[in-house]
2 protein chains.
Amino acid sequence: MSRVTNPRAYPIGALSRETGVNIETIRYYEKIGLMPRPDRTPGGNRQYTHDHLKRLSFIRKSRDLGFSIAEIRSLLGMVDQHEVSCGEVHRMTLQHLAAVRDKIAALRKLETVLEAMAAKCARGDVPACPVIDTLFDQAGA
Amino acid sequence: MSRVTNPRAYPIGALSRETGVNIETIRYYEKIGLMPRPDRTPGGNRQYTHDHLKRLSFIRKSRDLGFSIAEIRSLLGMVDQHEVSCGEVHRMTLQHLAAVRDKIAALRKLETVLEAMAAKCARGDVPACPVIDTLFDQAGA
DNA sequence: CTTGCATCTGTAGTTGCTACAGGTGCCACA
DNA sequence: TGTGGCACCTGTAGCAACTACAGATGCAAG
């Protein structure tokens with residue numbers, strides 16, 4: 001009985017390193033119920049398993065893909081209930097894809113406007129600033 | 001002396017309508033010092049002038065272009081001090097443009113990945129969900 | 001003078017974390 | 001066996017940029 005801690009368990013720091021998710025963020029995910037509460041050492045330190053690692057990686061990747069916490073919760077909910085409805089997942093993916101495309105389109109417009117503004121004063125310092133003028137021009141949309 | 005309120009002044013609701021900025025947001029901008037405190041009616045209601053309208057429109061447009069509150073504060077600071085350094089404004093615009101382009105590039109990548117994921121299950125409901133599988137694949141980056 | 005919408009203040013909630021403060025656990029090394 | 005010191009603990013507050021109340025007044029028209 002020399003070992004009190006499970007040799008196959010990771011402390012939170014290891015999980016953090018492996019997944020690239022901040023320690024505070026891991027605890028935050030636990031608080032909001034996205035990650036299950038892990039076992040603790042007698043002293044109270046969290047002990048994670050490989051399953052936790054897989055789950056956290058899933059969350060991390062989904063976040064990287066821009067899924068919201070709510071969306072991830074819904075995806076994991078299906079996984080947890082062993083009721084992965086591929087149709088539903090597909091629908092969520094497409095919906096998210098549409099949102100991403102909208103965002104790209106909006107940013108492109110923005111890019112164009114910014115380019116135009118920048119181009120106006122590209123010739124150096126002039127008394128009146130064209131960028132400021134543009135922003136102050138007519139009261140609204 | 002029949003009129004107590006200035007006929008050339010707008011109440012906050014009118015300013016909101018003209019600029020498309022939420023009433024609560026206008027008060028918020030005042031609280032954080034982005035908008036100056038307007039005069040009040042004897043009863044305490046805010047009375048805005050055309051200058052306020054111009055300034056708020058400026059803020060609105062800048063926000064629409066994705067400038068942060070801090071950036072707008074800096075732009076307005078130059079305006080307020082009658083020291084509009086066109087070079088500095090130009091620099092800020094270009095910097096912001098670069099950030100926008102970075103964001104577009106990131107979203108494009110994301111779009112590609114999401115498309116690929118969605119395409120995998122486009123053929124209908126299959127026992128294992130390819131999207132979930134992709135997200136669960138190998139533990140990390 | 002009443003009706004009722006417009007405004008008022010102040011606080012709390014949103015999303016997704018991050019950053020403390022002030023305390024313990026754990027483990028290797030002597 | 002003791003101790004140094006990093007890892008970890010809880011809990012709270014802060015970030016951006018608002019939004020959403022609650023509960024109290026202002027103001028103008030009929």
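The sequence lines fix the lettering, A, B, ..., with proteins before strands; numbering per chain opens at 1. What you are looking at is a predicted structure, and each value in this text was computed from that prediction instead of being measured.
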How large an angle, rounded to 10°, do the end axes of the helix from C:dC1-D:dG30 to C:dA30-D:dT1 enclose when each is built from five base pairs? 20°
Using side-chain contact (heavy atoms from CB on, under 4.5 Å) as the criterion, list what pairs up with B:Ala116, not counting sequence neighbours. none
Contact check, side chains of B:Asp39 and B:Tyr48, non-hydrogen atoms, under 4.5 Å: no
Distances under 3.5 Å between nitrogen or oxygen atoms of protein and nucleotides 3-5 of chain C:
none

Residue B:Asn45, side-chain atoms from C-beta onward, closest of D:dC8, C:dC8, D:dT10: C:dC8
Does any part of the side chain of B:Leu15, heavy atoms only, come nearer than 4.5 Å to the side chain of B:Val21, both counted from C-beta? no
Residues which pass side-chain contact (heavy atoms from CB on, under 4.5 Å) with A:Asn22, listed by chain and number, not counting sequence neighbours: A:Glu24, A:Thr25
Sub-4.0 Å heavy-atom contacts from residues 27-39 of chain B onto DNA chain D, ordered by number: B:Tyr28, B:Tyr29
Between D:dC8, C:dC20, C:dT7, which nucleotide gets closest to the side-chain atoms of A:Ile23? D:dC8
ring-ring contact (aromatic ring centres under 6.0 Å, His included): which pairs involve residues 67-88 of chain B, sequence neighbours left out? B:Phe67-B:His96
In numerical order, the residues of residues 62-76 of chain B whose heavy atoms come under 4.0 Å of DNA chain D are B:Arg63, B:Ser68, B:Ile69
Under the side-chain hydrogen bond (donor to acceptor under 3.5 Å, both in side chains) rule, collect the residues that match up with B:Arg91, sequence neighbours excluded. B:Glu88, B:Gln95
N/O donor to acceptor pairs below 3.5 angstrom from side-chain atoms of residues 105-115 of chain B, sequence neighbours left out:
| residue | atom | partner | partner atom | Å |
| --- | --- | --- | --- | --- |
| B:Glu111 | OE2 | A:Arg101 | NE | 2.9 |
| B:Thr112 | OG1 | B:Arg108 | O | 3.0 |
| B:Glu115 | OE2 | A:Arg101 | NH2 | 2.4 |

Checking A:Asp102 now: which residues fulfil salt bridge (charged side-chain N to carboxylate O under 4.0 Å, His left out) with it, not counting sequence neighbours? none
Without placing hydrogens or testing angles, list every side-chain donor-acceptor pair under 3.5 Å for residues 70-77 of chain A, not counting sequence neighbours.
| residue | atom | partner | partner atom | Å |
| --- | --- | --- | --- | --- |
| A:Glu71 | OE1 | A:Ser68 | N | 2.8 |
| A:Glu71 | OE1 | A:Ser68 | OG | 3.4 |
| A:Arg73 | NH1 | A:Ile32 | O | 2.8 |
| A:Arg73 | NH2 | A:Ile32 | O | 3.2 |

Counterpart residues, ring-ring contact (aromatic ring centres under 6.0 Å, His included), relative to B:Tyr28 (two or more places apart): none
To the nearest 0.5 Å, what is the distance between NE2 (B:His52) and CZ (B:Arg46)? 10.5 Å
